[in-house]
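Basis for what follows: all heavy atoms, side chains included, without hydrogens, waters or symmetry-related copies. Only a predicted model underlies this, so the values are computations on that prediction, with no experimental measurement involved. In what follows, chains carry the letters A, B, and so on, assigned in the order in which the sequence lines appear, proteins first and then strands, with residues in each chain numbered from 1.
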Amino acid sequence: MKTKKQNADFLYVGRKLLDWYQIHGRDLPFRKTSDPYKIWICEIIFQQTRIEQGLNHYRNFIERFPDVQTLASSQTDDVLLYWKGLGYYSRALNLHKAALQIINDFDGVFPTEHDDILKLKGVGKYTAAAVSSICFGKHIAAVDGNFYRVLSRVFADDFDISNSKAFHYFSELALKMMPENEAGHFNEAMMDLGSEICKPRNPLCESCPLNKECLAFNLGKIPNFPVKTKKVKATDLELHYSFVEFEGQFLIRQRKDDFIWKKLYEFPIEFPVEWEQFITKQKTIAHKLTHKNLTIQISHIRLESQDVFTEFASENGFTIINEEESHLKSFPKPLENYLTNLFKNTSNV
DNA sequence: AAATCGGGGTT
DNA sequence: AACCCAGATTT
């Protein structure tokens, strides 16, 4: 009897959330479509990425790769180019692999079953749930960071969100609130509330549609939720690059896929000691990566011989490009900034 | 279960 | 400087 009453209360809160979403939900480009390809792309892009940050990337990506056939038949480097600056580059590599999976394993048609969607590279339980609910109406919760924050506060629930069972735990909680046949809208509503109202710090509780029911708010314990115990400490990383230049051309090489900046392009790391006489300037860049304090030293080397330049390139597997061609490559952010700075200064002369 | 993977915004 | 963001994969 008590359980029955509680479940009714859960549903009541869920409907309130949906009512709020109908009026205050964000107007986003991918809200206008139910094309699973586009929803999939946007879900990958917005993993660990704020909407404002990835919106232009989403538009450009869809314009360049409008369907799965186009994506699958493209070069990996072209996909990476459209991912430039987004970070977590394995997402772009997996996106391309998954497009080939869809062509080869699913006859070029985006899978409609949750378990099949989950088989796609780079698609985990959150993304599979999001696509399944938004595109195919599956009654399932797409639990992300917003869910953890909103649900833990509304129910003053101290379940540790760094626990590996947190997804399942809050998924069950969300399902109690989710009205029938509204999974997609419900999931989007939870994300909008978490993003616009129930923010990590200084949430706008006075404007929250759930503030009458929110236990943490009414107990004055909003800062206590969500509970997260796992903490990672930052490590230091130092890189030494050489920008090797000869008459407007310079050397680059593609990175491996086993460390940071997977498959992105970079400058040479090693160079002959005798080239030190050609160093025209050195620059140190401090760059902050997640959990990494990164220091990059760049030695700018202007060679005086075409032969040495081209021979070193071919013997060490470097590619020779100029400014114009460099815009067709994806560089790590600090190197991208270095190039932007360099070309800006030279073009002004 | 813990580590790793970017870049950017907020406080 | 710490924390978080429409998380997934590897170890």
Pairs touching residues 80-100 of chain A that satisfy salt bridge (charged side-chain N to carboxylate O under 4.0 Å, His left out), sequence neighbours left out: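 Qualifying pairs: A/K84-A/E336.
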Residue pairs passing the salt bridge (charged side-chain N to carboxylate O under 4.0 Å, His left out) test where at least one lies in residues 217-228 of chain A, sequence neighbours excluded: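 Pairs touching residues 217-228 of chain A that pass the test: none.
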Pull out every residue in residues 163-175 of chain A that has a heavy atom closer than 4.0 Å to any atom of DNA chain C, ordered by number, or say none.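 Within residues 163-175 of chain A, no residue comes under 4.0 Å of DNA chain C.
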Contacts to DNA chain C from residues 131-145 of chain A, heavy-atom cutoff under 4.0 Å, which residues?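 Per residue number, the list reads A/D144, A/G145.
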Of all residues at least two apart in sequence or in a different chain, which pass the salt bridge (charged side-chain N to carboxylate O under 4.0 Å, His left out) check with A/R31?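 A/E188, A/D192.
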Partners passing salt bridge (charged side-chain N to carboxylate O under 4.0 Å, His left out) against A/K333 (at least two apart in sequence or in another chain):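 In terms of salt bridge (charged side-chain N to carboxylate O under 4.0 Å, His left out), with neighbours along the sequence ignored, A/K333 is linked to no residue.
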Could you tell me whether [X] contacts a base, only the sugar-phosphate backbone, or nothing, with contacts defined as non-hydrogen atoms closer than 4.0 Å?
X      : answer
A/F147 : nothing
A/I44  : nothing
A/L28  : base

What protein N or O atoms touch nucleotides 9-11 of chain C N or O atoms at under 3.5 angstrom, if any, and at what distances?
residue: C/dT9; atom: OP1; partner: A/G122; partner atom: N; Å: 2.4

B/dA1 and C/dC5: how far apart are their C1' atoms, nearest whole angstrom?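 One C1' to the other, the span is 23 Å.
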Expressed in whole Å, how much space separates the P atoms belonging to B/dG6 and C/dT11?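 After rounding to an integer number of Å, I get 15 Å for this pair.
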Fellow cluster residues of A/V232, listed by chain then number, with links counted only when side-chain atoms sit under 4.5 Å apart: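 Answer for A/V232: none, a lone residue.
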Output the rounded distance in Å from [atom1] ([X]) to [atom2] ([N]).
X      : N     : atom1 : atom2 : value
A/I161 : C/dC3 : CD1   : P     : 12 Å
A/W83  : C/dA8 : CH2   : C1'   : 12 Å
A/K233 : C/dA1 : NZ    : P     : 17 Å
A/F225 : C/dC4 : CZ    : P     : 15 Å

Can the ring centroids of A/F243 and A/F267 be said to lie less than 6.0 angstrom from one another?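 Yes, close enough.
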Check for me whether the distance between the ring centres of A/Y89 and A/W261 falls short of 6.0 Å.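 No; A/W261 has its ring centre 6.0 Å or more from that of A/Y89.
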Heavy-atom contacts, protein to nucleotides 2-11 of chain B, under 4.0 Å, summarised as B (base), S (sugar-phosphate only) or - (none) per nt, yield ---BBBBBB-
Could you tell me which residues satisfy side chain to side chain contact (heavy atoms under 4.5 Å, CB included) with A/K281, sequence neighbours excluded, listed by chain and number?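 Result, side chain to side chain contact (heavy atoms under 4.5 Å, CB included) vs A/K281: A/H300, A/Y338, A/L342.
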Kindly write out the residues that satisfy side chain to side chain contact (heavy atoms under 4.5 Å, CB included) with A/S314, not counting sequence neighbours, or none if the list is empty.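 Side chain to side chain contact (heavy atoms under 4.5 Å, CB included) list for A/S314, sorted by chain: empty.
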[X] side chain to [Y] side chain, donor-acceptor N/O pair below 3.5 angstrom:
X      : Y      : value
A/Y88  : A/Q48  : no
A/H327 : A/E325 : no
A/R64  : A/T70  : no

Heavy-atom pair with the smallest gap, counting every atom of A/P334 and A/I285: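 A/P334 and A/I285 have their closest heavy atoms at O-CD1, 4.0 Å.
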Does anything in residues 105-127 of chain A form a side-chain hydrogen bond (donor to acceptor under 3.5 Å, both in side chains)? List the pairs, not counting sequence neighbours.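 Every side-chain hydrogen bond (donor to acceptor under 3.5 Å, both in side chains) pair that includes a residue of residues 105-127 of chain A, provided the two are not neighbours, is A/E43-A/Y126, A/Q47-A/T127, A/D116-A/K119.
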